[in-house]
Amino acid sequence: MTEAKKTPLLDDLEKGPWPSFVTEMKKAAANNLSAQDLLGQLELSYEDKKAHWKHGGLVGVMGYGGGVIGRYSDVPEQFPNVEHFHTVRINQPSGWYYNTKALRQVCDVWEKYGSGLTNLHGSTGDLVLLGTKTEHIQTIFDEVSSFEEHPMDLGGSGSNLRTPSCCAGPARCEFALFDTTDLCHELTNEFQDYLHRPMWPYKSKIKISGCPNDCVASIARSDFSFQGTWRDDIKIDQEAVRAYAEGGFDIQGLVIDKCPTKCMSFDGSELKIDNANCTRCMHCINKMCKALRPGDDRGATILIGGKAPILQGAMMGWVIVPFMKIEPPYEEVKEFLEKCWEWWDENGKTRERIGELILRLGMRNFLRAIEREPIPQMVVAPRANPFFFWWPEETVQD
Ligand code: HEM
Ligand code: HEM
Ligand code: SF4
Ligand code: SF4
């Protein structure tokens, strides 16, 4: 056993009301050497105000090109038990619904071969096992993937399809406009090859929300953002509306006046919505969920291009398909994704996200490749400059 190092700076973070990660790490360190050395190395980082991991690291399991993030300490002589400290991404169940059996199994494996430390969950969604040695990676994979009940596979990493994730969905949300958990599960299975074997210019992410509240923040954190929507009328229960009014709820001030398109009115007894001008922002439904419900003609809006700043600046997804029916076996969704990926794979530069490629080559080239017409819903405003390109066939040739 390495002698437990003193950690005065970290100890400070055990004070205060929020659950302390230091306390949790100490629990793991009580019977795990690498958790103990991790505390030591972290204390050193707090002293030095810099990381003590070496650059990069390439490890994995046979047959896959991603799923494990290799990491090596740059002070292994001080902390030999974190000399290797690789991270294993395990694909989470859609919506992060577990039973205790599933969690116990993975904990048993992780206690045997890892640091006992986890991240529930990584930002993309994976169940993250934090810290193991190269020689254990294959064993961990073999064991978790052969559980009799609830076997688990690795998630994605590298220039590939990353682990898709979705909101809680219809399992416990009355706003869900399609089965987010089912679509997420189905796409994960359908595109296993893209997920496990990086073959693209860069990463590609899918996130799925059941309505425009977008509880998995798909618009900001995924190249392909699915958000449930509807295209018929909002369902109004006028009795329930009146009950809100009688209960002292300020319908005019908190709902009518805040509708972004000003398409609602309330005369004290009846609520009216001009649905043709409703943009399905969810506000009135969020505020009066006992009286208002999304319509019955349901599907999703698909947005493309969400990404973080590097290289061309941060982007939020923008509309590419205003409405698509989302029903098993999801053929239209799959075809759409395949077309987008194919064009990107053909044209993308190394480490160019699909949003950046569209920025570089233009929507007209992208839309032509995926066989979709440009429509007004794709833009906030028409272009303000006149530098317009015509297709050669659109110009008059003498
Ligand atoms: C000090 C004033 C100006 C400077 C330094 C300037 C500079 C330039 C430069 C460097 C370009 C080439 C951009 C590129 O290809 O990337 C350009 C293009 C252009 N400029 Fe100017 N410009 C000036 C004033 C104007 C004015 C006053 C107009 C119109 C009233 C104008 C109209 C254009 C147009 C139409 C193009 C595009 C040409 C094309 O590529 O088809 N410019 N300008
Ligand atoms: C009495 C003054 C001017 C005359 C007679 C004149 C004439 C012309 C002519 C005949 C053309 C070619 C049009 C074509 O090929 O169809 C042209 C193009 C152009 N002129 Fe002028 N021009 C004048 C002043 C200016 C000024 C002051 C500017 C900029 C401030 C300017 C900017 C341009 C540009 C940018 C083009 C190219 C437009 C394009 O690429 O389609 N012109 N001008
Ligand atoms: S995104 Fe919509 S459907 Fe999904 S959990 Fe949030 S509110 Fe519910
Ligand atoms: S969903 Fe939004 S835009 Fe539509 S009526 Fe309600 S508040 Fe107005």
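All residue numbers in this chain count up from 1 along the given sequence. Start at 1 and go down the list; that is how both ligands and their atoms are numbered.
- Of all atoms in ligand 3, listed by their number and element, those nearer than 4.0 Å to a heavy atom of A176 are 3 (S).
- Annotation for ligand 3: atoms under 4.0 Å from non-hydrogen atoms of N213 are 7 (S).
- With respect to D297, the salt bridge (charged side-chain N to carboxylate O under 4.0 Å, His left out) criterion is satisfied by exactly one of K325, K235, R280: K325.
- Scanning all protein heavy atoms for the shortest distance to atom 3 (S) of ligand 4 gives T279 N, 3.5 Å.
- What sits closest to atom 2 (Fe) of ligand 3 on the protein, heavy atoms only, is C211 SG, 2.3 Å.
- Close contacts of ligand 4 with M264, meaning ligand atoms under 4.0 Å from a residue heavy atom, involve 5 (S).
- Taking both residues in full, the closest heavy atoms of P198 and N160 are given as CA-CB, 3.6 Å, listed atom of the first, atom of the second, then distance.
- In terms of protein heavy atoms, atom 4 (Fe) of ligand 4 is closest to C278 SG, 2.3 Å.
- Summary of contacts: the protein heavy atom closest to atom 8 (Fe) of ligand 3 is C173 SG, 2.2 Å.
- Near C263, meaning under 4.0 Å from one of its heavy atoms, ligand 4 places the atoms 5 (S), 8 (Fe).
- Surrounding CZ of F388 are more than 12 heavy atoms belonging to other residues, nucleotides or ligands, all under 6.0 Å away.
- Interface of F175 with ligand 3, defined as ligand atoms under 4.0 Å from a residue heavy atom, comprises 3 (S), 7 (S).
- With a 6.0 Å radius and a threshold of 12 heavy atoms from other residues, nucleotides or ligands, E394 has its CD atom above the threshold.
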**OP:** Mind running salt bridge (charged side-chain N to carboxylate O under 4.0 Å, His left out) on K26 and E14 for me, showing each step along the way?
**Re:** CA-CA 10 Å; K26 285 183 176 175; E14 291 194 273; 2.7 Å; yes
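- Heavy atoms of M282 found under 4.0 angstrom from ligand 4 belong exclusively to the backbone.
- Remark: the D257 side chain and the Q252 side chain contain an N/O donor-acceptor pair separated by less than 3.5 Å.
- Ring centroids of H121 and Y98 are separated by less than 6.0 Å, placing the two rings close together.
- Here C284 reaches atom 6 (Fe) of ligand 4: one of its N/O/S atoms is less than 2.8 Å from the metal.
- The shortest contact between atom 6 (Fe) of ligand 3 and any protein heavy atom is with C215 SG, 2.3 Å.
- Counted within 6.0 Å of CZ on R172, heavy atoms from surrounding residues, nucleotides or ligands total 12 or fewer; the atom is thus considered open.
- Residue contacts with ligand 3 for T180 are absent, since no atom lies close enough (heavy atoms, distance under 4.0 Å).
- Residue contacts with ligand 3, taken as heavy atom pairs separated by less than 4.0 Å, involve C167 solely via side-chain atoms from C-beta onward.
- Side-chain contact between T118 and L130 is absent, with no heavy atoms from C-beta onward closer than 4.5 Å.
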